[in-house]
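Worksheet for the structure shown next.
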There are 2 protein chains.
Amino acid sequence: MTEASARKPSRIQQRNRKIIMDAALEVFSRYGYRGATLDQIAEQAGLSKPNILYYFDGKEDIHVQLLNQLMESWLDPLEHMDPDGEPLTEILAYVRRKLEMTREFPRESRLFANEILQGAPRMGPHLESGLKPLFERKTTVIRDWMTQGKLAKVDPRHLVFSIWATTQHYADFDAQVQVLIPAGEDVVDGAETYLETLFTKLLTP
Amino acid sequence: MTEASARKPSRIQQRNRKIIMDAALEVFSRYGYRGATLDQIAEQAGLSKPNILYYFDGKEDIHVQLLNQLMESWLDPLEHMDPDGEPLTEILAYVRRKLEMTREFPRESRLFANEILQGAPRMGPHLESGLKPLFERKTTVIRDWMTQGKLAKVDPRHLVFSIWATTQHYADFDAQVQVLIPAGEDVVDGAETYLETLFTKLLTP
DNA sequence: GTCTATAGGTCGATAGAC
DNA sequence: GTCTATCGACCTATAGAC
């Protein structure tokens, strides 16, 4: 009685799991949880549907594992905001990193957006245990910077919300942005310049 | 050959169509197009499924009509930005109006967000014909204001994006915001103060 | 490949308004 | 009596799972 995921995963297992996760990311991020089908994921992965279910316990299992895995890399930029760095530099670097992620990982951004939009049915606990403590630590750091006069005083929580909103917008609302900005123009480049100005003016004491 | 929706709509028809649209908004905005079911909509509306289909041609028809109807009210605040008004006042009033809509019509916001996230499959034409011309008119107005030295110079298109992103965030990512901000606090009130500061500092010449 | 549940959609019969 | 509105039962395709 050998379970697929138990013991040491073989080369092939590792490779196939990776392939399936990537295919699932592609499909889930484009069609949402309910809109995605195992058939689509199987086709995208170049594997049969039963083969997919050999590696994962079901559709929901794939989705949950995707979210778990992505949570880490998603929080990483905020984690890296250094309390001992120069405040404005740190914030702007964070904005730039988030924007870079929007450019490089738009599928991940849309996957999260989809999940949150629907009320985070499969991610509620993760928000509480993963995001919330980090959010509180970092907003405290920012508040301290403001108290010390190193940054202009605003509500640090809304500051972070506005950084998330403005950066992720270019991935999540890409379909709209593409309609409104002429093709060929590098939208994210323009956003970087704009957002740098926005947050510099806001936070300069 | 009499279609249900042809000719003069009776009292009952008007009433039931309204009830169904509202139920559909509730369900579609919570579960997305694919995640919503006619049974859910029927139950929410307090009508039978065949009765729903007596008034609409099908699931997609309901969704399309919802989007069409909402498009107008959605663009209304931007439409009302007055080229002859005082520039900063007009922009801040627009921000406030958008935030007010987020508070009053979060379901509508999520319905749009869902649709755009999935690549606007049922709204592409509307973006081109409805949103795009308006967007170009209004960004031109803002650019003129900047040229005349009445506002600080930034890319007006990204300015509008950032207004959309920051205001709609509170409806679309509500599930996340609720986790991060203590219950009982009026989040949108705090957002209003913050966003007023943000855009005032950005745009004051 | 097969089984099963579900979800979109149809039909025909009935109830109610004018 | 006719037309509008309503609904239970049914059909079919699809999608998750084994």
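Proteins come first, then strands; the chains are lettered A, B, ... in the order of their sequence lines, and each starts at number 1.
Taking the six-membered ring for Trp and the full ring otherwise, the centers of B/Phe135 and B/Phe161 sit less than 6.0 Å from each other.
Within 4.0 Å (heavy atoms only), B/Ala36 reaches sugar-phosphate atoms of the nucleic acid but no base atom. At the heavy-atom level, A/Leu53 lies under 4.0 Å from base atoms of the strands shown. Note on B/Thr37: only backbone sugar-phosphate atoms sit closer than 4.0 angstrom, heavy atoms only; bases stay farther off.
In this structure, of D/dG16, C/dG9, D/dT4, it is C/dG9 that holds the atom nearest to the side chain of B/Leu38. Looking at the side chain of B/Pro50, the nearest of the listed nucleotides C/dG8, D/dC18, D/dA9 is D/dA9. Ranking D/dA5, D/dC7, C/dA7 by closeness to the B/Tyr54 side chain, first place goes to D/dA5.
Atom-to-atom distance recorded for A/Arg107:CZ and A/Phe28:CZ is 13.0 Å, nearest 0.5 angstrom.
Not one side-chain nitrogen or oxygen of B/Asn51 sits closer than 4.0 Å to the OP1 or OP2 atom of D/dA5. Contact check, A/Arg34 against D/dT14: no side-chain N or O comes under 4.0 Å of OP1 or OP2. When the side-chain nitrogen and oxygen atoms of B/Gln13 are compared with OP1 and OP2 of D/dT4, none of them lie within a distance under 4.0 Å. Of the side-chain N and O atoms in B/Asn16, one or more sit less than 4.0 angstrom from OP1 or OP2 of D/dT6.
Per the geometry, CG belonging to B/Leu47 stands 11 Å off C1' belonging to D/dA5, to the nearest Å. Regarding B/Ile52, its CD1 atom lies at a distance of 19 Å from the P atom of C/dC11, rounded to whole Å. For the pair B/Glu43 CD and D/dC7 C1', the computed distance is 16 Å after rounding to whole Å. Rounded to whole Å, the distance from CZ on A/Phe56 to P on D/dA17 is 13 Å. In this structure, NZ of A/Lys59 is placed 18 Å from P of C/dA5, rounded to the nearest angstrom. Look at CD on A/Glu60: it is 18 Å from P on D/dA15, rounded to the nearest Å. The distance between atom CD of B/Gln40 and atom P of C/dA7, rounded to the nearest whole Å, is 8 Å. The nearest whole Å value for the distance from the NE2 atom in B/His63 to the C1' atom in C/dA7 is 17 Å.
With hydrogens and angles disregarded, no donor-acceptor distance shorter than 3.5 Å links the side chain of A/His169 to the backbone of A/Ala165.
At most 12 non-hydrogen atoms from other residues, nucleotides or ligands lie less than 6.0 angstrom from CD of A/Glu72.
Both cation-pi conditions hold for B/Arg122 and B/Tyr33: the charged atom is under 6.0 angstrom from the six-membered ring centre and inside a 45 degree cone around its axis.
Nucleotides of DNA chain D nearest to B/Gly46 and B/Lys49 differ in position, and the one nearer the 5' end is that of B/Gly46.
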